[in-house]
Amino acid sequence: MVIFTKMKITKPKHFNFQYCLEYFSRSPKEKCHSVIENSILKAIQIDDSNLLIRVSEDKNAIKVDVLNKTIGSKDKTKLKSLLTEWFDLETDLSSFYKSISKQDPSYSVILANKGLRLIKELDLFEALTWAIIGQQINLNFAYTVKSNFVENYGTKLLWEGKNYYYYPRPKQVLSISDESFKSMLFSKQKAKYLREVAKYCLENSEAKSRLIKMDIEKAQEELMTIKGVGTWTANYVLMRCLHFTNSLPAKDVALQNVIRLIYKLDKKPKAEELILKTKHWNGWESYRTFYLWHYLSKLKK
DNA sequence: AGCCAGGTGTACA
DNA sequence: TGTACACATGGC
């Protein structure tokens, strides 16, 4: 096999690539990346060129191979920053671990996953629509819907006989008929929400870079002006896409269930109760949530 | 059979 | 402010 461009990125302190693989193996229905032999394959776009990259590791470095093209040094730099954002390589996890006392009920659960980094959604439209797809339904069904959506409206990159998909773009979403949404198993309201998000993204092309710079409250407020984006969806996007470390999806049933487990509560806490119980998470709400989700997904297996 | 899954908007009082 | 309700499917 020809590899066109090879790159290495130094691993930061506290980085466990196996956890990345676990994360990306969550669902066999996932179409926007594949996990093959301890590596992650993903179609990405840099400027206007369509690349297929393979991410793996050796002892000291994260290895990034571009499988379908040769790229110049400018694009290599862009690829490196893309990877840095995607795997959240710049967060200082030492201070995260230091912020957790040994008496903390979730201490052992979190420290057991040392080196797990909060995997980011690079694209705001993808983050918003994926969150909406996942509202109220179980994750497995959410992946079914996403898979239908990506297969029907995503762009394909063909490489060695296999299709790698790009997530659908806002403009394409506006052309989807009610019947087509229905056949992909979207509810009527979610179809409507997706159109709302598509309009927002088309009218605010610089939204991501703008929102990242805002106060979390202001950013959340703006996201929630979109019909279909409530507090949960906004929280999800703030943590998974907009780099806020202090976003707490208190209305999240999965998070409520883990808290119930860890604190041995009779029933799952309501959002208000969860907010009180997590006061000491201050500053690391997003990371804590991501770790607990990861813990839960491993429990289920 | 009925309830719960990584919720939200709308309709009422 | 607070509560009821529809919405999609699937697993238990």
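Remember, predicted model here, so these are calculated numbers, not experimental data. Scope of the values below: all heavy atoms of this structure, side chains included, with no hydrogens, waters or symmetry mates. Each chain gets a letter, A, B and so on, in the order its sequence line appears, and its residues count up from 1.
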How is [X] classified with respect to the nucleic acid when contacts are heavy atoms under 4.0 Å: base, sugar-phosphate, or nothing?
{"X": "A:Val229", "result": "sugar-phosphate"}
{"X": "A:Arg240", "result": "nothing"}
{"X": "A:Thr144", "result": "nothing"}
{"X": "A:Lys182", "result": "nothing"}
{"X": "A:Lys268", "result": "sugar-phosphate"}

Is the shortest distance from a Lys or Arg side-chain nitrogen in A:Asp252 or A:Lys268 to a carboxylate oxygen in the other one below 4.0 Å?
no
So, are A:Glu160 and A:Arg54 salt-bridged, with charged N and O less than 4.0 Å apart?
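No, no charged N to carboxylate O under 4.0 Å.
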Given atom [atom1] of [X] and atom [atom2] of [N], what is their separation to the nearest angstrom?
{"X": "A:Gln135", "N": "C:dC5", "atom1": "CD", "atom2": "P", "value": "21 Å"}
{"X": "A:Phe181", "N": "C:dT9", "atom1": "CZ", "atom2": "C1'", "value": "17 Å"}
{"X": "A:Leu128", "N": "B:dG7", "atom1": "CG", "atom2": "C1'", "value": "14 Å"}
{"X": "A:Gln256", "N": "B:dG7", "atom1": "CD", "atom2": "C1'", "value": "11 Å"}
{"X": "A:Leu185", "N": "B:dA5", "atom1": "CG", "atom2": "C1'", "value": "16 Å"}
{"X": "A:Met224", "N": "B:dG9", "atom1": "CE", "atom2": "C1'", "value": "11 Å"}
{"X": "A:Gln189", "N": "B:dT8", "atom1": "CD", "atom2": "P", "value": "11 Å"}
{"X": "A:Tyr143", "N": "C:dT9", "atom1": "OH", "atom2": "C1'", "value": "17 Å"}

Presence of A:Lys192 side-chain N/O under 4.0 Å of B:dT8 phosphate oxygens OP1/OP2:
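Answer no for this pair, as no side-chain N or O of A:Lys192 is under 4.0 Å from OP1 or OP2.
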Taking the side chain of [X] as its heavy atoms from C-beta onward, which of [options] lies nearest to it?
{"X": "A:Phe141", "options": "B:dT8, C:dT9, C:dC7", "answer": "C:dT9"}
{"X": "A:Tyr193", "options": "C:dC7, B:dG9, B:dG7", "answer": "B:dG9"}
{"X": "A:Asn257", "options": "B:dA5, C:dC7, B:dG9", "answer": "B:dA5"}

Verify the distance criterion only: is there a donor paired with an acceptor across the side chains of A:Glu285 and A:Thr278 at less than 3.5 Å?
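Judged by distance alone, the side chains do not pair up.
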So with a 6.0 Å cut-off around NZ of A:Lys192, is the heavy-atom count from everything else above 12?
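Check fails, neighbour count at 12 or below.
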Under 6.0 Å from the six-membered ring centre of A:Tyr97 and within 45° of its axis: does the NZ or CZ of A:Lys114 meet both?
yes
B:dC3 and C:dA4, which share atom name P, separated by this distance in whole Å:
14 Å
If we take the P atom in both C:dC5 and B:dG2, what is their distance in whole Å?
16 Å
Which residue, A:Asn140 or A:Ser187, contacts DNA chain C at a nucleotide closer to its 5' end, judged by nearest heavy atom?
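Residue closer to the 5' terminus by nearest nucleotide: A:Ser187.
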Quick check: do A:Val229 and A:Tyr200 have side-chain heavy atoms less than 4.5 Å from each other?
no
For A:Ile226 and A:Leu255, take the nucleotide of DNA chain B holding the closest heavy atom to each; which residue's nucleotide lies nearer the 5' end?
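Closer to the 5' end of DNA chain B: A:Leu255.
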